[in-house]
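Worksheet: the structure to be examined is printed underneath.
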Amino acid sequence: MTVKPLLPEKPLHDWGLSPEDARKLQTTLSAQLTDEPLALDDISLVAGVDVSVKDNVSRAAIVVLTFPGMEIIEIERATRPTDYPYVPTLLTFREGPVLLKAFAKLQNRPDVYLFDGMGRIHPRQAGIAAHMGLWLNAPTIGVGKSHLLGNYDPPGNEKGDYSPLFYKGKQLGVVLRTRTNVKPVYISPGNRMTLASAIEIVMACTPKYRLPEPIRAAHNAAGDDDMID
DNA sequence: GCGACAG
DNA sequence: ATCTTGTCGC
């Protein structure tokens with residue numbers, strides 16, 4: 001018998017699209033996103049996702065941790081030539097291909113994935129967390145470290161404080177203070193996720209530092225030099 | 001037209 | 001993302 005694969009047998013679409021076609025695809029894909037709450041009690045495994053670039057080589061890292069213990073149980077990596085340029089709002093087309101290569105190696109099935117980047121805080125609500133969430137057909141959350149777009153008032157200075165981020169009249173996410181008196185992060189749901197659940201999950205994964213443990217772990221794994229592809 | 005712009 | 005040391009503050 002076979003286990004249900006993490007990724008679809010049939011690719012959702014091609015990569016290497018022109019900026020114009022890429023934007024059209026994002027509009028089409030974002031219409032397929034769903035809002036599904038995910039209770040903490042239903043989470044046992046969380047994954048952190050990140051990509052680093054060096055000498056024109058992209059390295060993706062997926063780290064799976066137990067929840068809420070935050071113990072690392074799996075680390076998968078993959079490398080690939082960095083062919084697509086960095087274009088604001090089209091980050092997925094630069095990092096997507098190498099991420100799929102790493103996802104294909106995953107032995108565990110995470111209940112939710114935390115991405116280093118935006119979810120729906122995006123002009124077409126198709127940030128990398130939202131986009132890859134469709135490929136994975138799983139719950140995803142975008143955890144951005146800096147501002148991309150939208151308006152918001154500075155959140156309070158206490159850990160857990162947050163304020164809504166609006167773009168063209170719609171609330172796409174929140175600016176969340178994960179640590180007292182530390183620069184906040186930009187949180188937004190990706191696929192199969194509600195904003196409320198996203199906030200709750202991110203806080204539960206952030207016991208000590210500014211960034212959630214899964215993302216810190218993935219960032220480290222993507223940055224380490226030794227690589228076995 | 002001008003400025004902003006995840007990683 | 002990446003290039004890079006020390007340093008101020010809780």
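Labels below follow one simple rule: chain letters A, B, ... track the order of the sequence lines, proteins then strands, and each chain is numbered from 1. What's counted below: heavy atoms across the whole structure, side chains too, no hydrogens, waters or symmetry copies.
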Which dot-bracket string fits DNA chain B when only Watson-Crick or G-U wobble pairs with both atom distances under 3.5 Å count, crossing pairs get [ ], and | stands for a partner on a different strand? .......
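Within 6.0 Å of the CZ atom in A/F67, the count of heavy atoms belonging to other residues, nucleotides or ligands exceeds 12.
Rounded to an integer number of Å, the gap from CG of A/L148 to C1' of B/dG3 is 14 Å. Note: NE2 (A/H131) to P (B/dA6) measures 19 Å, nearest angstrom. Put simply, CE on A/M118 is 6 Å from C1' on B/dA6, counting in whole angstrom units. One can place OH of A/Y152 at 15 Å from P of B/dA4, the figure rounded to the nearest angstrom. We find that CE of A/M132 is positioned 14 Å from C1' of B/dG7, with the value rounded to whole Å. A straight line from CZ of A/R124 to P of B/dC5 spans 17 Å, rounded to a whole angstrom. In this structure, A/I215 places its CD1 atom 16 Å from P of B/dA6, rounding to the nearest Å. Here B/dG7 presents its C1' atom at 8 Å from CZ of A/R94, a figure rounded to the nearest Å.
Running 5' to 3' along DNA chain C, contacts with non-hydrogen atoms of chain A at under 4.0 Å begin and end at C/dA1 to C/dT2.
Looking only at distances, a side-chain donor or acceptor of A/T180 sits under 3.5 Å from a matching main-chain atom of A/K159. One N or O on the side chain of A/R77 and one on the backbone of A/A221 form a donor-acceptor pair closer than 3.5 Å. Side-chain atoms of A/S52 come within 3.5 Å of backbone N or O of A/A222 as a donor-acceptor pair.
Placement of A/L148 and A/V51 in two distinct hydrophobic clusters is found when ILVMFWY residues are connected by side-chain heavy-atom separations under 4.5 Å, directly or transitively. A/L17 and A/L29 fall within the same hydrophobic cluster, where Ile, Leu, Val, Met, Phe, Trp and Tyr residues are linked whenever their side-chain heavy atoms come under 4.5 Å apart, directly or through other members. Linking Ile, Leu, Val, Met, Phe, Trp and Tyr residues whenever their side-chain heavy atoms come within less than 4.5 Å leaves A/I75 and A/L6 in two separate clusters.
Among the atoms of the strands shown, base atoms are found under 4.0 Å from some heavy atom of A/T89. Counting any heavy atom pair closer than 4.0 Å across all strands shown, A/N181 reaches no nucleic acid atom. No engagement by A/L149 is indicated, since no non-hydrogen atom pair under 4.0 Å with the nucleic acid exists. Counting non-hydrogen atoms under 4.0 angstrom, A/G144 reaches the backbone sugars and phosphates but no base. Within the nucleic acid shown, A/H122 comes within 4.0 Å of at least one base atom, counting heavy atoms only.
Annotated stems with DNA chain C as a participant are lacking; only runs of 3 or more Watson-Crick or G-U pairs under 3.5 Å would qualify.
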In sequence, state the C-alpha distance, the side-chain angles, and the governing distance for A/E36 and A/T34, and then conclude on side chain to side chain donor-acceptor pair (under 3.5 Å). CA-CA 6 Å; A/E36 300 175 38; A/T34 63; 2.9 Å; yes
Is there a side chain to side chain contact (heavy atoms under 4.5 Å, CB included) between A/T28 and A/H13? Walk through the geometry before answering. CA-CA 11 Å; A/T28 298; A/H13 60 77; over 6 Å; no
Chi angles and distances behind the side chain to side chain contact (heavy atoms under 4.5 Å, CB included) call for A/F93, A/L25: CA-CA 11 Å; A/F93 294 85; A/L25 176 61; 4.0 Å; yes
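For the residue pair A/R94/A/S58, the side-chain donor-acceptor check at 3.5 Å is not satisfied.
Residue A/S146 places at least one side-chain N or O closer than 4.0 Å to OP1 or OP2 of B/dG7.
Aromatic ring orientation, A/W15 versus A/H131: parallel (interplanar angle below 30°, classes split at 30° and 60°).
A/Y86 qualifies as a stacking partner of the B/dG7 base, centre to centre under 5.5 Å and near-parallel within 30°.
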